[in-house]
Amino acid sequence: MSTKNLTHSSHIQLANSINKDHIARSLEHLAKISDPAFGTTGVTRLAYSDTDIKGKNYIAELMTQAGLEVKVSPIGNTIGRLKGSKCDEFAVISGSHTDSVINGGHFDGIVGVICAIEALRVLQQVKDDLIHPIEVIDFAMEESARFGLSLLGSKAFMGEVSGENSLLLQDNQGVSVAEALKNVETLKYFKNENNKSFDSSIKRALWAVEESKADVKKIRAYVELHVEQAGFLEEAKIPIGIVDGAAMPTRWAIQIIGEQAHSGTTPMECRKNALVAASEFVLLVDKICKDEASHDTVGAITKMAVEPNAMNVVPGKCSMFLDLRSADKESKDRVKNILLKKLDEICSKYGVTHSRKVISEDGPKTFSSDIMAISQKACENLGLKYMVMPSRAGHDACTVSNHIKEVGMIFVPSKGGVSHHHEEWTDIDDIVLGTKILLLTLLELATTK
Ligand code: HGY
Ligand code: MN
Ligand code: MN
């Protein structure tokens with residue numbers, strides 16, 4: 001089939017050769033790769049864990065079986081490339097992630113990687129008609145579940161430097177990002193071409209970030225397929241979401257420092273209980289975000305550690321993490337200003353002090369209207385209803401959109417809007433429809449200048 005033959009009907013024919021069983025089997029296989037330390041409820045593949053590595057090796061095998069050239073970058077991004085004889089060097093990219101939250105679902109991120117591989121397997125038939133190569137990327141550490149930091153792989157790919165502060169963030173076991181990153185060397189397709197050795201994990205991690213960046217000027221476009229993680233598509237009985245932008249998180253690490261004391265002998269008026277102050281702040285975040293809910297603002301303290309966390313000791317320290325999001329910048333700024341002011345007031349009320357570190361401070365993202373139009377046209381060609389909508393979750397596409405304009409996302413419905421939960425579910429028929437729209441969008445982008 002040559003480019004001039006890539007007519008509307010041949011595109012549809014290609015889209016209709018997406019293999020549903022192949023996608024279903026791959027999703028089921030990956031869902032079984034989960035860390036038993038977290039039980040059997042849902043899926044746990046925390047960034048750079050042995051289980052995450054196992055999942056990435058499976059993805060690399062799928063890419064190889066799809067006929068793609070496979071390589072792994074030092075940050076742990078697994079990249080499969082489809083390149084025809086006429087291709088230039090400006091790649092069209094589709095990606096997402098296969099690392100997960102704790103006891104998460106079978107679909108968040110995974111759908112975007114597995115379905116892009118299936119789309120490229122089908123597009124092998126027309127690779128010599130492509131003007132641009134097409135790549136699929138399984139980005140490392142999209143989820144913040146292990147270290148509080150997200151999007152490390154796509155940030156490195158786009159040349160965003162995650163410095164020592166980020167790379168020294170630790171998980172609940174005291175393992176840093178830099179130390180965990182060493183696990184990338186166990187990836188089957190990782191080649192330490194330079195045979196480099198490092199006298200510290202942080203030096204290796206800084207090298208890995210630097211070595212994993214792409215030539216951003218040679219990225220023609222980026223399109224990501226993802227489950228919606230909310231219930232708007234299901235409610236409207238519409239199979240496809242065309243995403244016009246995304247609310248991105250502001251994330252703070254806050255420490256409340258009080259005084260550890262005997263919980264039996266210390267009079268109430270002498271206590272500096274860090275947990276009481278932290279608890280008042282937790283409730284305040286909930287109240288202020290509810291007041292701003294009409295601006296599509298959401299927020300919570302999502303993680304808390306109490307020290308020493310002992311039955312007979314007044315808590316001396318609380319470490320907590322804020323996750324605050326909104327598509328409306330003014331609303332998010334209003335919430336931040338109130339929280340900062342109230343944090344000081346609460347601390348003086350209870351005679352405690354606090355420290356605060358900004359982990360991420362991302363503004364709302366806007367995606368490409370040109371790519372949206374291509375995906376909408378694909379829906380019309382397939383006779384599918386679609387809804388234009390924002391993403392309330394962050395994605396690798398958001399990182400890419402910091403650096404290039406041509407970025408798009410396609411959503412498929414999440415049953416009950418459930419995600420980051422073992423009951424997360426998307427029907428395979430909807431996933432196949434999403435894959436067809438992804439294929440048609442990638443094909444259009446890869447066959448036009
Ligand atoms: O947290 C997020 O927004 C994404 O699901 N990782
Ligand atoms: Mn997620
Ligand atoms: Mn995701």
Side-chain angles (χ1 to χ4, degrees), residues 27 30-31 34 42-48 52 55-56 59 77 94-116 136-155 169 222-231 241 243 245-252 289 296-303 321-327 332 359-365 367 389-402 407-414 417-426 431 434 438:
L27 289 169
L30 195 52
S34 177
V43 168
T44 305
R45 277 191 304 273
L46 291 180
Y48 300 123
D52 183 30
K56 285 174 169 37
I59 289 298
N77 293 335
S94 185
S96 201
H97 63 95
T98 55
D99 66 308
S100 77
V101 296
I102 296 172
N103 303 129
H106 294 194
F107 303 92
D108 172 5
I110 297 99
V111 160
V113 176
I114 284 180
C115 295
V136 49
I137 303 181
D138 174 4
F139 284 115
M141 197 164 127
E142 189 276 348
E143 296 287 7
S144 50
R146 182 175 178 186
F147 296 102
L149 175 76
S150 61
L151 305 167
L152 185 69
S154 49
K155 285 175 182 168
L169 284 169
Y222 176 89
V223 188
E224 180 167 353
L225 173 64
H226 204 286
V227 292
E228 180 198 351
Q229 298 180 298
V243 187
M248 286 299 284
T250 288
R251 286 178 171 149
W252 296 345
C289 291
D296 231 354
T297 297
V298 294
I301 293 294
T302 53
K303 193 175 164 186
F321 288 77
L322 170 75
D323 184 325
L324 172 65
R325 312 191 191 202
S326 180
K332 194 199 254 192
I359 293 182
S360 54
E361 182 56 85
D362 276 340
K365 306 297 170 206
F367 293 152
M389 59 198 305
S391 169
R392 290 161 173 80
H395 301 286
D396 292 306
C398 302
T399 311
V400 179
S401 72
N402 286 338
V407 172
M409 282 197 83
I410 300 158
F411 273 170
V412 285
S414 293
V418 168
S419 185
H420 284 189
H421 185 279
H422 68 276
E423 287 180 359
E424 180 182 89
W425 183 264
T426 297
I431 291 172
L438 177 68

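Just follow the structure's listing: the first ligand is 1, and inside any ligand the first atom is 1. Note that the structure is a prediction, hence the values are computed from the model and not measured.
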(message) Any heavy-atom pair between the side chains of H420 and E143 that's under 4.5 Å?
(response)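 With C-beta onward as the side chain, the pair touches.
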
(message) I want to check something: taking the side chain as every heavy atom from C-beta on, are E228 and M409 in contact at a cut-off of under 4.5 Å?
(response)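 Result no, sub-4.5 Å side-chain heavy-atom pair not found.
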
(request) Quickly, which of V227, V111, V43 forms a side chain to side chain contact (heavy atoms under 4.5 Å, CB included) with H106? Name it, please. (result)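 Between H106 and the candidates, side chain to side chain contact (heavy atoms under 4.5 Å, CB included) is satisfied uniquely by V43.
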
(request) Looking only at protein heavy atoms, identify the closest one to atom 4 (C) of ligand 1 and say how far it is in Å. (result)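 It is G394 O, 3.3 Å.
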
(request) Measure from the Mn ion (ligand 2) to every N/O/S atom of E143 and report the name of the nearest one. (result)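 Nearest N/O/S atom: OE2.
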
(request) Could you tell me whether any N, O or S atom belonging to E142 is less than 2.8 Å from the Mn ion (ligand 2)? (result)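 No.
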
(message) Suppose you place the vertex at the Mn ion (ligand 3); what is the angle out to H97 NE2 and D108 OD1, to 10°?
(response)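 The two atoms subtend 90° at the Mn ion (ligand 3).
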
In terms of atom number and element, which parts of ligand 1 are under 4.0 angstrom from non-hydrogen atoms of [X]?
{"X": "A393", "value": "3 (O)"}
{"X": "Q229", "value": "5 (O)"}
{"X": "E142", "value": "4 (C), 6 (N)"}

Has [X] got any heavy atom lying under 4.0 angstrom from an atom of ligand 1?
{"X": "H395", "result": "no"}
{"X": "R325", "result": "yes"}
{"X": "H420", "result": "yes"}

(message) I need the K303 NZ to S144 OG distance, nearest 0.5 Å.
(response)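 If I round to the nearest 0.5 Å, the distance is 8.5 Å.
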
(message) What's the separation between atom OG1 in T399 and atom CG in D362, rounded to the nearest 0.5 Å?
(response)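 So the OG1 of T399 and the CG of D362 are separated by 7.5 Å.
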
(request) Quick one: report the N, O or S atom of H226 that is nearest to the Mn ion (ligand 3). (result)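 Looking only at N, O and S atoms of H226, the one nearest the Mn ion (ligand 3) is named NE2.
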
(message) Tell me whether the rings of H395 and F411 are parallel (<30°), tilted (30 to 60°) or perpendicular (>60°).
(response)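 Perpendicular, since the angle between the ring planes exceeds 60°.
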
(message) Over 60° means perpendicular and under 30° means parallel, so tell me whether H226 and H97 are parallel, tilted or perpendicular.
(response)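 The rings of H226 and H97 sit tilted, inter-plane angle from 30° to 60°.
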
(request) Answer side chain, backbone, both or neither: which part of R251 comes under 4.0 Å from ligand 1, heavy atoms only. (result)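 Under 4.0 Å from ligand 1, R251 contributes side-chain atoms alone.
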
(message) Using modelled atom types and a 3.5 Å cut-off, is there a donor and acceptor pairing between side-chain atoms of K332 and backbone atoms of M248?
(response)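 Such a contact is found between K332 side chain and M248 backbone.
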
